[in-house]
Amino acid sequence: MWKDHSADYIRQTKSSAVSVVVAAFISALFLSLLCSLAYNFWTYETEQIVIEEGDWQGRISGNLKEDDLIQLKNFANVEKVMVNENLSDGESLTVDIYFHNMRTAYEDMYLIAGQLHLDPETVSCHDLLLSRYLIHDPQDETPPLLLTFYLILLIVVSVSLILVIHNSFAVSMNSRIRQLGIFSSVGATPRQIRVGLMRETAAVCTVPLFAGILLGILLSSGTIQAVNQIADQIAERHEAVFQYHPLIFLLTLLTAAATVFLSAWIPAAKLSRTTPLAAIVGTDEWFLKKKRKSPVLALLFGIEGELAGNALKAQRKAFRTSTLSLTLSFLAFTILLCFFTLSGISTNHTYFERYQNAWDIMTAIEDTEIDNFSQADAIHHMPGSSDTIIYQKAQAACLIPESELSDAVKNSGGLEALAGDSVSKISGTYQVSAPIVILDDCSFTAYCRQIGIEPDQYGTILLNQIWDSRHSDFRYREYLPFVQDTDHIVLQNTDNGQTVTLPVLAGTQKPPVLREEYEDYALVQFISASSWRQISNQIGGTEEDLYVRILAENRTDQDALNRIENQIADLLEQSYTYTIENRIQEKLDNDNMIRGYMLLTGALCALLALIGIANVFSNTLSFLQQRKREFARYISIGMTPAQMRKLFCAEAFVIAGRPILITLPLTVIFVSLMITVSSLAPSEFWSEAPIGIITVFMLAVIGFVALAYVIGGRRIMQCNLTEALRSP
């Protein structure tokens, strides 16, 4: 009986199922898009790890023999063993191990180490790759949790969708409360009512579920293509290829079905507990709260605004989805746009603008000593370059007697007041950090001439400044002289305490033009490679990499920078391992990445807004009968069609305006906090604030809400309102 009645009811009252269909479609679309994008991000991340680090799962490095390799290959879970030629040398052999079952990789590697009598430090697992498969080292207290985060996010989104869309099911089911009361009065049990309602839900939602999933897959594919186009110019980036797995489809289908099922079950269970008498006597109309006042609406729209306010209060549950979705979309969109704007300003301050004139091409050459670099002369005389510095870095400490501190430091409260725990004091002598920048002799000579001193290959030039942290913030730093004029400085090895005394050639607050950020409370030293050669054994602390900074003759021409980059690559590729950065390309890559982030977040915010808009449409189009009776009563007391349209305008104003009124103060608070934390001048943000984009987004949503009320209002006005007033 119920089956036949349900089929007739669905056919006869298609409009009442609009909200349910839309809710099922949107939830499936959102979940499908989320699952598909998460899967593609996961595959891309995994591919990137494999490209950069290899696809090995376990690794052993040590003095392995042929018998050891045979034992490895015969281990039960080992799929294959490969000798890593790049990491092996004459004294040590490195082998990469692949397992049939990765989930036991950590346990198996410990067993292998014990079986081969190896030092546990020679055995390792590919932690980053294994973590992408939710495999973590049981001894690691802070394992990578990216994939776990994706799964938690999916659960949170599903629960959020249930909380948001279940109201659409409740509205549809509540419209039938009288019929359900009649069924209950003739013997239908609560279980039969619940099952019947769930069957109707399945019949109505099956097609929207599959349609939403398929559209989500298409949108995900389009998103991947859009990201590829935006990131097309990023150097050394491998292209993302859209991928989809049947298990992802199954996961999406099950999650979407469970979301819809639970969303429908909540109101169905509530209705099944309603007594037959209460269901039959009850009405599906919206009751107005006459005693509740709406002064703002009354002021703006008069009596129509007062009526609209009462109607909206009565329908607050029905519009809960739209209010929540529109508010979340506004809030997420505005906050994310403001965040990206602040991030861009901060990045320009701390990187692009700060180092705009410090570099055009930066090359880092791995495992190379400055004395052993054979291409220095060729790079210094490279066509197209106007200035080149080749340098290496080292770390030391220096000992400064209190008497040698500058008067400015003493007048600011002393070194401890400025630097705090960054310095230590023993017997009237301060030990401070002394980063060393070792310039090759040609670069050092040019730097000496730049600051106006006679070149001398033995000695140090002090960057004689310290951040005045008491009178300036980190964004707009002011500096004080660190030490008084002195003719020597004592450098100390940070490991063994051995010291070296170096003559001071000059003290300056004008460092070489490098893309380097120096410590706030350190006394930085610039010395020549010749000087370092004489003291390196005592001081040590040399970093492994060598750096080459080049300024081009034509600094605004990307082709000119690309030519220099290619020349360096030709010089280095045969003998060195290196990475090259191009300033203009780096800026383009950064801009493209930000645009990509904004595209993804904007799409998610638009989808949230779509959920709210769909709910507005479903409410205005699905409750025609209730609204017809409501407006018929208004006509009976003399309300004109123009006044009813005014009432609709008041409702649309509240539905679209409430999320904006909630969002704007929260956004202002967030932006104010972010500006304070980042120590930016407010005028800098407001000059670049994305007000235009936010306004367009809000106007678009307001327009759709208004359109929903225009369509609903016209359909109501075209109905026979007199008949509606007579209907029970």
Side-chain angles (χ1 to χ4, degrees), residues 37 41 146 149 153 156 223 226-227 229-231 233-234 237 325-359 467-479 515-520 581 583-609 659-701:
L37 286 177
F41 289 155
L146 179 63
F149 169 76
L153 179 62
V156 170
T223 302
V227 170
Q229 291 182 2
I230 292 173
Q233 301 300 320
I234 296 180
R237 171 190 173 271
S325 298
L326 292 177
T327 302
L328 288 176
S329 64
F330 280 144
L331 189 61
F333 190 76
T334 54
I335 285 181
L336 285 171
L337 271 184
C338 292
F339 172 79
F340 284 127
T341 301
L342 284 167
S343 178
I345 295 172
S346 179
T347 301
N348 284 332
H349 262 294
T350 58
Y351 189 75
F352 291 111
E353 289 180 0
R354 182 173 183 179
Y355 299 116
Q356 176 74 26
N357 297 318
W359 70 292
W467 174 32
D468 185 4
S469 57
R470 301 187 66 186
H471 302 99
S472 64
D473 58 48
F474 76 94
R475 184 71 65 188
Y476 307 100
R477 285 181 169 88
E478 294 180 4
Y479 293 94
R515 195 191 69 181
E516 293 291 339
E517 185 169 358
Y518 305 112
E519 298 176 33
D520 295 320
E581 296 176 76
R583 177 178 55 81
I584 296 178
Q585 187 63 53
E586 191 87 1
K587 184 67 166 64
L588 293 174
D589 292 348
N590 181 75
D591 293 342
N592 287 334
M593 288 177 64
I594 291 178
R595 280 196 291 269
Y597 289 140
M598 293 180 67
L599 173 66
L600 290 175
T601 54
L604 291 176
C605 293
L607 194 55
L608 281 173
I660 297 176
L661 293 177
I662 294 173
T663 296
L664 291 180
L666 293 176
T667 302
V668 170
I669 293 172
F670 170 81
V671 170
S672 300
L673 290 175
M674 290 297 296
I675 290 175
T676 302
V677 170
S678 59
S679 298
L680 284 171
S683 58
E684 285 191 79
F685 170 77
W686 293 115
S687 64
E688 299 187 28
I691 296 174
I693 300 176
I694 292 174
T695 302
V696 170
F697 183 78
M698 291 184 173
L699 289 177
V701 176

Problem set entry | side chain to side chain donor-acceptor pair (under 3.5 Å) partners of Glu478, counting only residues at least two apart | none

Problem set entry | Contacts of type side-chain contact (heavy atoms from CB on, under 4.5 Å), residue Thr667, not counting sequence neighbours | Leu331, Thr334, Ile335, Cys338, Thr663, Val671

Problem set entry | With sequence neighbours excluded, residues passing side-chain contact (heavy atoms from CB on, under 4.5 Å) with Ser683 | Ala681

Seminar exercise, completed: Residues passing the side-chain contact (heavy atoms from CB on, under 4.5 Å) test with Met674, sequence neighbours excluded, are Phe339, Leu342, Phe670

Exercise. Partners of Ile660 by side-chain contact (heavy atoms from CB on, under 4.5 Å), sequence neighbours excluded?
Worked result: Phe330, Leu664, Met698, Ile702

Problem set entry | Close side-chain approach of Arg515 to Glu581, heavy-atom, < 4.5 Å | yes

